[in-house]
Amino acid sequence: MAQERLPQDPVAAAATAGAEGVEAQQQELSSIEARQVKLQQPLQASIISPEKLEYAQGVISKDKVIKPFWVNKYKNEAAKNWDRFYKRNETRFYKDRHWIEREFSIFGEKTTADGDSERTINCLEIGCGVGNFIFPVLDLNKRLFMYACDFAPHAIELVKQHEDYPQGRCSAFVCDLTKDPLTDTIPAGSLDIVSSIFVLSAIPAEKLEAAVRNIKEVMKPGGMICFRDYAVYDAAQVKFSSNPGHMLDTNLYVRQDGTMSHFFSVEQMTELFEKEGFRVEECGYVHRETINRAMDLSLDRRFLQAKFVKL
């Protein structure tokens with residue numbers, strides 16, 4: 001029987017590879033560091049080449065919606081599937097979002113929109129998950145009080161188990177934005193800032209108006225929604241359409257675990273928020289190139305980032 005080969009120690013391998021091997025390894029490390037530095041830079045406006053745009057449109061246009069039974073099933077069981085997701089992954093899946101201050105500096109400001117430097121700044125994160133946004137932001141600015149909601153009960157349990165939760169600067173609760181009034185927990189017209197980070201994409205198009213209207217009820221005039229989500233022609237959308245059987249509706253797809261992902265356009269979000277009584281302060285596409293080293297792939301990730309102000 002052939003003897004099993006044990007993995008070679010990386011340090012020993014470098015030592016025996018000679019000068020050329022050491023140099024190659026250093027070049028690879030430098031390349032990795034350069035990519036990481038690039039990913040930390042502010043996101044720039046996405047410019048998709050005509051070839052890539054044509055390819056993405058072609059792939060997506062050929063995809064077809066799955067049978068109505070399954071469409072309804074996934075839409076009706078959205079909360080259940082997200083709860084299963086958090087029970088399975090706990091706090092291990094998402095990383096803390098320390099990039100928030102870079103993209104939405106309002107969370108680091110010490111005064112409110114009316115210039116009051118004494119009053120607490122009341123915020124809400126919708127779809128808070130396990131708190132990857134909440135706690136870094138609370139640490140950033142001691143004047144913030146953060147409400148946090150999610151329609152997955154297990155996610156809220158994990159938020160409440162966080163070591164910083166007992167400090168009294170956060171109130172987490174279960175809520176389905178499409179049907180549960182936020183005013184049951186948050187005073188009407190009381191919020192300065194709302195964060196919507198990769199959340200509305202989990203909601204079918206026909207329920208988005210109800211969700212936005214619900215959020216509006218707890219915001220002050222002049223209050224701001226800080227928004228980032230998936231955008232049309234993102235690499236993930238192209239991948240979904242490349243493997244038929246995921247499309248639930250136009251630009252809406254289901255993942256293997258039953259959770260949903262909607263890909264938005266600037267026009268769609270602008271129309272939605274203006275219709276519900278918001279001024280669009282900023283709305284555009286942002287781009288990030290990600291590297292899949294295992295598959296030697298470069299992927300164009302495309303997001304939509306915006307700021308909406310309540311009139």
Side-chain angles (χ1 to χ4, degrees), residues 24 27-66 70-71 74 93-95 97 99 102-104 196-205 208 226-257 259-274 280-308:
Q27 290 177 348
E28 175 64 13
L29 289 173
S30 297
S31 178
I32 293 173
E33 290 174 359
R35 289 198 295 266
Q36 292 304 315
V37 169
K38 181 179 179 180
L39 293 180
Q40 295 302 316
Q41 299 303 311
L43 300 177
Q44 303 297 320
S46 174
I47 302 176
I48 298 181
S49 68
E51 294 79 14
K52 287 185 177 181
L53 180 59
E54 183 179 359
Y55 173 76
Q57 291 174 331
V59 171
I60 294 167
S61 66
K62 294 177 182 177
D63 202 1
K64 296 181 180 180
V65 175
I66 62 177
W70 291 105
V71 172
Y74 287 125
F93 194 84
Y94 295 112
K95 295 181 180 180
R97 292 167 173 166
W99 50 265
R102 183 190 74 212
E103 299 299 327
F104 299 110
S196 174
I197 311 297
F198 300 106
V199 177
L200 295 190
S201 53
I203 298 176
L208 286 173
C226 296
F227 176 94
R228 182 188 281 184
D229 224 313
Y230 301 109
V232 289
Y233 309 129
D234 175 50
Q237 183 181 16
V238 177
K239 183 178 179 181
F240 277 131
S241 284
S242 298
N243 298 277
H246 297 275
M247 182 182 280
L248 304 182
D249 203 338
T250 302
N251 296 328
L252 178 66
Y253 300 80
V254 62
R255 300 184 181 91
Q256 191 171 10
D257 61 5
T259 60
M260 296 183 295
S261 183
H262 201 137
F263 296 84
F264 298 118
S265 68
V266 166
E267 293 77 13
Q268 180 186 7
M269 288 294 98
T270 297
E271 180 181 0
L272 171 64
F273 280 92
E274 286 184 340
V280 179
E281 181 170 300
E282 172 187 309
C283 188
Y285 299 115
V286 291
H287 172 262
R288 187 195 308 205
E289 179 188 25
T290 62
I291 308 297
N292 187 323
R293 296 182 61 216
M295 301 180 66
D296 192 26
L297 289 176
S298 172
L299 301 176
D300 291 312
R301 299 309 312 271
R302 198 172 189 236
F303 309 113
L304 194 153
Q305 185 162 302
K307 296 175 183 177
F308 305 112

Using modelled atom types only, decide if a donor and an acceptor are shared between the side chain of [X] and the backbone of [Y] within a distance under 3.5 Å.
| X | Y | result |
| --- | --- | --- |
| Ser265 | Gln268 | yes |
| Arg302 | Val232 | yes |
| Tyr285 | Val266 | yes |
| Asp63 | Pro244 | no |
| Ser61 | Gly58 | yes |

| message | If the condition is salt bridge (charged side-chain N to carboxylate O under 4.0 Å, His left out), which residues does Lys52 pass it with, not counting sequence neighbours? | response | Asp300
| task | List in chain and number order the residues that pass salt bridge (charged side-chain N to carboxylate O under 4.0 Å, His left out) with Glu281, two or more places apart in sequence or in another chain; answer none if no residue qualifies. | result | Arg279
Heavy-atom side-chain contact between [X] and [Y] under 4.5 Å:
| X | Y | result |
| --- | --- | --- |
| Val65 | Val71 | yes |
| Glu274 | Phe308 | no |
| Tyr55 | Gln57 | no |
| Cys283 | Leu304 | yes |

| note | Sequence neighbours excluded, the answer for side chain to side chain contact (heavy atoms under 4.5 Å, CB included) partners of Glu282 is Gln305, Lys307
| remark: For Met247 and Asp249, the nearest pair of non-hydrogen atoms, with its separation, is CG-O, 3.3 Å
| query | Where is the tightest heavy-atom contact between Ser242 and Val59, given as atom of each residue plus distance? | reply | OG-CG1, 3.5 Å
| Between Lys62 and Ser241, is a side-chain contact (heavy atoms from CB on, under 4.5 Å) present by the stated rule, with each step listed? | CA-CA 8 Å; Lys62 294 177 182 177; Ser241 284; over 6 Å; no
Let me confirm one number: the [atom1]-[atom2] distance from [X] to [Y], rounded to the nearest 0.5 Å.
| X | Y | atom1 | atom2 | value |
| --- | --- | --- | --- | --- |
| Leu200 | Phe227 | CG | CZ | 5.0 Å |
| Asp229 | Ser196 | CG | OG | 6.0 Å |
| Met269 | Leu208 | CE | CG | 5.5 Å |
| Arg301 | Asp234 | CZ | CG | 4.0 Å |
| Met260 | Ile203 | CE | CD1 | 8.5 Å |
| Asn251 | Gln237 | CG | CD | 5.0 Å |

| field | Phe303, Tyr230, Phe198, Tyr233 screened by ring-ring contact (aromatic ring centres under 6.0 Å, His included) with Phe263, the one that passes | value | Tyr230
| task | Tell me whether the centres of the aromatic rings in His246 and Phe240 are closer together than 6.0 Å. | result | yes
| Stepwise, does the side-chain contact (heavy atoms from CB on, under 4.5 Å) test hold for His262 with Phe264? | CA-CA 6 Å; His262 201 137; Phe264 298 118; 3.6 Å; yes
| request: Scan side-chain atoms only and decide if Thr259 and Tyr74 contain a donor-acceptor pair under the 3.5 Å cut-off. | output: no
